[in-house]
Number of protein chains: 2
Amino acid sequence: MTDSTSPSGKRERLVSSAAALFHHQGVQRTTLAEVATDANVPLGNVYYYFRTKDDLVAAVIGSMEGQFRAMLRDCERKATPAARLKALAYAWVEMRELLVNYGCPVGTLNSELGKNVEGSGRQAAGILRLLLDWAEDQFRRISKKEASDHAVSLIGGLQGAALLTNALRDPNIMTTQVRRLDRWIDSLP
Amino acid sequence: MTDSTSPSGKRERLVSSAAALFHHQGVQRTTLAEVATDANVPLGNVYYYFRTKDDLVAAVIGSMEGQFRAMLRDCERKATPAARLKALAYAWVEMRELLVNYGCPVGTLNSELGKNVEGSGRQAAGILRLLLDWAEDQFRRISKKEASDHAVSLIGGLQGAALLTNALRDPNIMTTQVRRLDRWIDSLP
DNA sequence: GTCTATAAGATGATAGAC
DNA sequence: GTCTATCATCTTATAGAC
């Protein structure tokens with residue numbers, strides 16, 4: 001968002017702590033006092049870096065978007081579109097223990113903010129759009145037909161599997177479902 | 001949970017109002033004062049029917065589970081297992097305008113409570129388990145193989161599509177994805 | 001830039017009259 | 001069973017010293 005380099009690194013620590021706490025507890029359940037404590041920053045000082053809690057939420061979403069952009073760049077190092085799509089899917093398998101306890105960072109954030117929150121809700125949706133657009137681009141290289149719907153099926157499949165993984169506290173759900181998505185990608189004409 | 005028939009119907013009104021508000025705003029963002037106002041019950045009186053907010057949450061989940069049991073019974077009136085599974089999926093298409101604004105009632109509830117809340121979190125997961133077990137049973141009548149994984153793919157597919165429908169504010173996502181699930185069910189051996 | 005102290009309001013929950 | 005009044009606490013945010 002704005003310039004994020006502060007000499008003391010407090011801003012970065014606040015964003016990092018907030019990201020973890022928002023993921024572990026949800027945005028609404030997390031207080032600024034908790035974030036401050038976790039980041040080793042005095043409570044009152046939080047407001048020097050973020051004028052409101054919403055500003056902090058926005059910074060966390062921005063940081064998360066950067067991480068997903070990096071993840072996509074990593075996937076792009078694979079040789080074929082199919083391999084790139086699979087690499088993306090297996091990233092969720094690697095997160096499976098985290099998913100069991102707290103759900104998908106993007107999914108739960110969108111679920112919480114998608115209800116009414118117009119400001120940060122739209123911003124969180126941007127990360128899903130980023131993933132969808134990237135996947136659509138890869139699918140289009142496999143076949144022009146239905147690339148957009150394929151992308152929605154893949155990202156939706158990952159999100160649904162992550163939700164069940166979390167609700168049922170079973171990491172194998174993510175593994176099994178990604179394996180099925182893998183085979184589905186291979187089966188495309 | 002406990003006996004739910006109160007002469008004045010206040011208990012029912014409280015559960016009904018809470019269910020809607022929890023879905024529209026999330027559990028954490030909804031105050032007991034809002035629930036009381038919406039149900040036309042004085043705030044202090046809420047505590048006669050539910051000793052804590054968690055008790056109210058439990059009652060809402062219980063009521064929701066009853067509604068899903070009824071939905072499954074409805075689906076069972078179809079002649080074939082495939083038709084029953086499709087009927088379940090199309091229930092999400094019929095909810096699509098609600099999904100656009102607030103997400104799936106079961107999905108968002110599990111997303112919010114799945115983070116740490118051990119009490120009601122487990123209870124909310126029970127509804128997903130109910131859907132999964134029912135779907136698995138239907139899939140098994142089509143083919144013994146992979147019935148459990150098929151069920152996870154179907155319910156997960158619905159949940160993922162609902163999440164994207166909500167995040168992207170696009171009801172067509174639900175429609176298109178269920179149509180794909182429909183064709184997938186037809187393609188099973 | 002950094003921190004302490006505290007205001008201002010919301011929220012879950014209770015006491016006790018009726 | 002029902003309701004009013006209120007407590008105790010938490011939480012966001014600000015004022016102002018250093």
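Below, chain A is the first sequence line, B the second, and so on; all start at residue 1.
Applying the side-chain hydrogen bond (donor to acceptor under 3.5 Å, both in side chains) test to A:Tyr47 and every residue at least two apart in sequence or in another chain returns nothing. Partners of B:Asp170 under the side-chain hydrogen bond (donor to acceptor under 3.5 Å, both in side chains) rule, at least two apart in sequence or in another chain, are B:Asn172.
Between the C1' atom of C:dG1 and the CZ atom of A:Arg11 lies a distance of 14 Å, rounded to the nearest Å. The separation between B:Arg51 atom CZ and C:dT14 atom P is 8 Å, rounded to whole Å. The distance between atom OH of B:Tyr49 and atom P of D:dG1, rounded to the nearest whole Å, is 7 Å. Here the P atom of nucleotide C:dA10 and the NZ atom of A:Lys53 are 16 Å apart, to the nearest Å. Regarding A:Tyr48, its OH atom lies at a distance of 17 Å from the P atom of D:dA15, rounded to whole Å. Taking atom CG on B:Asp55 and atom C1' on C:dA13, their separation rounds to 12 Å, with Å as the unit.
If you check the side chains of A:Ser153 and B:Gln177, you find a donor sitting under 3.5 Å from an acceptor.
Here the side chain of A:Pro42 is nearest to one of C:dT4, C:dG12, D:dC3, namely C:dT4. Taking the side chain of B:Tyr47 as heavy atoms from C-beta on, and the options C:dA13, D:dT14, C:dT2, the nearest nucleotide is C:dA13.
Taking side-chain N and O atoms only, B:Asn45 has no distance below 4.0 Å to OP1 or OP2 of D:dT2. Distances shown here put every side-chain N or O of B:Thr52 at or beyond 4.0 Å from the OP1 or OP2 atom of C:dG12.
Within residues 14-40 of chain A, the residues approached by DNA chain D to less than 4.0 Å at the level of any non-hydrogen atom are A:Thr30, A:Thr31, A:Leu32, in residue-number order.
For residues 71-83 of chain B, the side-chain hydrogen bond (donor to acceptor under 3.5 Å, both in side chains) pairs, not counting sequence neighbours, are B:Glu76-B:Trp134.
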Run the side-chain donor-acceptor check on residues 99-106 of chain A: report pairs under 3.5 Å with partners two or more places apart or on a different chain.
from, atom 1, to, atom 2, distance (Å)
A:Asn101, ND2, A:Glu97, O, 3.3

Please output the side-chain donor-acceptor pairs of residues 182-189 of chain B that fall under 3.5 Å, not counting sequence neighbours, one pair per line with the distance.
from, atom 1, to, atom 2, distance (Å)
B:Asp182, OD1, B:Lys86, NZ, 3.3
B:Asp182, OD2, B:Tyr90, OH, 2.9
B:Asp186, OD1, B:Lys86, NZ, 2.7
B:Asp186, OD2, B:Lys86, NZ, 2.9
B:Ser187, OG, B:Trp184, O, 2.7

